[in-house]
Amino acid sequence: MWFLRSCGGFCPGKARSLSRVSSLMQVFRQTLNPTTGRAEWTAMDEDYDYNQEVARSSYTDMLHDEERNKKYKAGLELAIGRVRGRGQRVHVLDIGTGSGLLSMLAVQAGADRVTACECFKPMAGAARKIVKTNGFSDKITVIPKRSTEITTGPGGDMSERANILVAELLDTELIGEGCLYTYQHALKHLVTPDCIFVPHAATVYAQVVESDFMWNWHRLRELPLKGCEKGLVPSSDMEACMGAAAVHDIQLSQVKQEQFKPLSEPIKVFRFEFDKKMECLERGTDLSVVIKETGQAQVILMWWDIEMDPDSSVLLSVAPFWAHPTPNNMQWRDHWMQALYFNHQSIPVEKGQQVALHGRHDEYSLWFQVQKQGSMNSTGSEVSLERPVCRCGGHMVWSRPRLGMLNDRCRWGTYAAALRQVLAPGQTCVSVSDASWVPLMAARLGAQEVFALESSDLGARVTHKLIEANNLQDKVHIVQGSEEQLEAALKDKKVAMVIAEPYYSSSLLPWHSLYFWYVCTRLRHKLQGGAAVLPARAELVAVAMDFENLWRLRAPVGTVEGFDISVMDQMVKDHSNQTDERVEPHPLWEYPGVGVSNPVTLMNFDLTQSVPTENMVATGDIPFTRSGSCNAVALWMNYDLLGDGRHTMSTGPHAPYTSGSPQWDPHIRQGVYFMDQPVQVLPDSRLVYRVTFSPKDGQMDFQFDIENSQGKN
Ligand code: SAH
Ligand code: ZN
């Protein structure tokens, strides 16, 4: 729960955070230069201000999770009651104390003393302050260390072992934060043999489903081109690839019922009893599952529940609504979601048939495979039960939503229609995209030659595979690097067309794709007269939002279970005061909400002209169209491919949208500007904005204020 969303290594995946903390506790921050399209992870030095990590982490969301807090409290009360019942003094070890909440709950429930450890130093400092503010310094000792570094015995961090262990080290994938090893180490070194663990156990569930919608995130599909005998195809190794290993976390309850079909009941796959010794942190289980609907077994949905006490009387489930014990009373949370795992291949299954569901886990991750029973052959299993690794390269350059975008036939239909309008025989084109269909499509539709600029080596290799699979070697030439390499490759050729989706894997926020504009500007002298630039225009669009829940991520916590945790709020506030990086990327289709204004264009960009040298400033106001709580502004880009309004692509709402809930494009993250605090708005009030685009560094700066008819709010 500490990272926003998991992301294996540097991948353009679904990480919602702009920063991550490695296991070595060194902070890496991703910085992007939109004018060059380059992103890099920079290691921060000792003095680095960590407030950003705290501000953008899930700590706040966890503290807002009332069900979680109350169930930890109940679990602690039961455990403390038991230990007291044995006539023992209560010594609680809180591993990963964060804000100190669980330690304070333990003291409140009657613990004699608490040892709290926290490996993230800035958080340990915050915990100390919070414990002091709430008057618990005499009973709670905060140790700024990883639990595995704690020393025991006389003179050590802990003079004696603890008889209760409380910890919240679970993520969407349950074990992704390394709790298995942390628990095993604690069992050996830090707790008594009769120690009670809160939570005591966890169960992992899996459900096999058919879902074209989700399968599109896993497999690149053939792309038919209207009126063309040949469409575009993926390479054969892409079709055979196991895919990426990184967990795909998702707010499953937001997937529409028509977007998937359950093929099995939810099945218990693993149970972990945290207080039991494990010989080995890797395990596998092979289950026989009855198929209840005929279909294609494609995706395995996963979630878990935890038992807070050894009697399993307090249960906390993160199941989606259809499998939830209390579907009408579900806590909204973002720090624990559900997860998807993709079957190696889509396999046809029939109602009543029994299939094998294989579950595996290692120290940090889970994976699953569905296989027809009896399809094992003498050389072993038909499919690999190894942890999936991408061998085709595609699953490394393409995030899962990006694969969905490449499989979005509607999007590509628009693109192809626009391209046909401007393509003429004998043209030389330049494509500025990252491992995209764009250069191939231009070649297939008639361009004489296409120079495809690829920013990364991996992107170039993947594009190369696509070129070969489609027999376009003589038409599409890859240039890896920047415009200098491109110019060298073009020699004295003049360019008739520069094309882009535009989409770049390093882009974090919608306007980062304006990198295309910079490239066009730098290539200007290579363009022939009347050269086409596609897209020709872009616009930045905003809608004022009343999100049901998303706003909670950034709402102050104040008091939690009666404890004053405002120190955390101050850390977040200090951060926002220091930086104007107010906008965060979020996949909005996963977050219900309604627009309280119409979508309004804030700024127009003419991509056929050069990037200006002076700042672009836009001011104005957006009238609210309905009453509600305005808690955020959603931001995205629209592209007008030919500049005539006839071929447009949006990275915001899919369908034209005027009121109610926008149908957000599920393949890209939109930008979200969180208001300082939710404000009740009426149709006679307005959102006043000032947007500044700074061409020098490609940054966009926003200022939004709500003005009620009585004046500023
Ligand atoms: N206990 C808090 C915070 C939970 S977040 C709460 O429930 O609100 C988990 C925290 O554990 C993070 O702050 C992370 O830095 C810390 N952590 C993870 N593994 C740890 C370990 N082995 N030792 C110490 N801290 C750890
Ligand atoms: Zn692959």
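When a ligand or atom number is given, it counts from 1 through the structure's own listing order.
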Undergrad: Using distance alone, decide if ligand 1 has a nitrogen or oxygen within less than 3.5 Å of any nitrogen or oxygen in Ser99.
TA: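 Not met; the criterion fails.
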Undergrad: Provide the number and element of each atom of ligand 1 under 4.0 Å from a heavy atom of Cys119.
TA: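 In order of number, 15 (O), 17 (N), 20 (C), 24 (C), 25 (N), 26 (C).
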Undergrad: Does Asp112 come within less than 4.0 Å of Lys139, counting only side-chain N to carboxylate O?
TA: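 Salt bridge absent between Asp112 and Lys139.
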Undergrad: Considering Arg146, Lys121, Glu168, His185, which one's heavy-atom position lies nearest to atom 4 (C) of ligand 1?
TA: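 Nearest option to atom 4 (C) of ligand 1, by heavy atoms: Glu168.
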Undergrad: Return the option from Thr97, Leu102, Asp65 holding the heavy atom at the smallest distance from atom 2 (C) of ligand 1.
TA: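 Selected option, by shortest heavy-atom distance: Thr97.
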Undergrad: Would you call Arg360 and Glu386 a salt bridge, using N to O less than 4.0 angstrom?
TA: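 No salt bridge links Arg360 with Glu386.
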Undergrad: Please determine whether a side-chain nitrogen of the Lys or Arg among Glu66 and Arg68 lies less than 4.0 Å from a carboxylate oxygen of the Asp or Glu.
TA: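 Between Arg68 and Glu66 there is no salt bridge, as every charged N stays at least 4.0 Å from the carboxylate O atoms.
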Undergrad: Can you name the atoms of ligand 1, numbered from 1 with element, that are less than 4.0 Å from a heavy atom of Gly98?
TA: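 Numbered from 1, ligand 1 contributes 3 (C).
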Undergrad: Evaluate His361 against Phe270 for ring-ring contact (aromatic ring centres under 6.0 Å, His included), listing each step before the verdict.
TA: CA-CA 9 Å; His361 77 79; Phe270 291 113; 5.1 Å; yes
Undergrad: If we only count N/O pairs under 3.5 Å, is Thr148 in contact with ligand 1?
TA: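 No: no nitrogen or oxygen of Thr148 is under 3.5 Å from one in ligand 1.
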Undergrad: Would you call Glu118 and Arg128 a salt bridge, using N to O less than 4.0 angstrom?
TA: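 Looking at Arg128 together with Glu118, the answer is no, because their closest N to O distance does not fall below 4.0 Å.
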Undergrad: Does any donor atom in the side chain of Asp334 or Gln251 lie under 3.5 Å from an acceptor atom in the other side chain?
TA: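 Yes - a donor-acceptor pair under 3.5 Å links their side chains.
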Undergrad: Identify which of His335, Met62, Met123, Arg68 has a heavy atom lying nearest to atom 7 (O) of ligand 1.
TA: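 It is Arg68 whose heavy atom sits nearest to atom 7 (O) of ligand 1.
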Undergrad: Check Glu282 with Arg387, please: is the shortest side-chain N to carboxylate O separation under 4.0 Å?
TA: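 Judged by the 4.0 Å cut-off on N to carboxylate O distance, Arg387 and Glu282 do not form a salt bridge.
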Undergrad: Here's one to test your reading of the geometry: is the NZ or CZ of Arg283 within 45 degrees of the ring axis of Phe272 and under 6.0 Å from its centre?
TA: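 Yes; both conditions hold, so Arg283 lies above the ring face of Phe272.
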Undergrad: So does Glu501 pair up with Arg411, basic N to acidic O under 4.0 Å?
TA: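 Counted as a salt bridge, because a side-chain N and a carboxylate O are separated by less than 4.0 Å.
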Undergrad: Can you find a non-hydrogen atom of Tyr59 under 4.0 Å from ligand 1?
TA: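 Within the 4.0 Å threshold, so yes.
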Undergrad: Give me the one residue out of Met62, Glu67, Arg552 that meets side chain to side chain contact (heavy atoms under 4.5 Å, CB included) with Arg333.
TA: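 Filter result, single survivor: Glu67.
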Undergrad: As an exercise, identify every atom of ligand 1 less than 4.0 angstrom from a heavy atom of Phe120.
TA: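 Here the atoms of ligand 1 in question are 15 (O).
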Undergrad: Got a salt bridge between Asp157 and Lys145, using NZ or NE/NH1/NH2 to carboxylate O under 4.0 Å?
TA: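 The answer is yes: the pair qualifies as a salt bridge.
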Undergrad: Is any protein N, O or S atom closer than 2.8 Å to the Zn ion (ligand 2), and if so, which?
TA: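 Listed by chain and number, the atoms are Cys241 SG, Cys390 SG, Cys392 SG, His395 ND1.
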Undergrad: Tell me, please: is Lys145 in heavy-atom contact with ligand 1, that is, under 4.0 Å?
TA: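 True for this residue.
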Undergrad: Check if Thr182 has a non-hydrogen atom at a distance under 4.0 Å from any atom of ligand 1.
TA: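 True for this residue.
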Undergrad: Which atoms from ligand 1 have a heavy atom of Leu169 less than 4.0 Å away?
TA: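 Under 4.0 Å from Leu169, ligand 1 has these atoms: 11 (O), 17 (N), 18 (C), 19 (N).
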Undergrad: Is it the case that Arg402 places NZ or CZ above or below the six-membered ring of Tyr503, under 6.0 angstrom from the centre and within 45 degrees of the axis?
TA: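 Checked: cation-pi criterion met.
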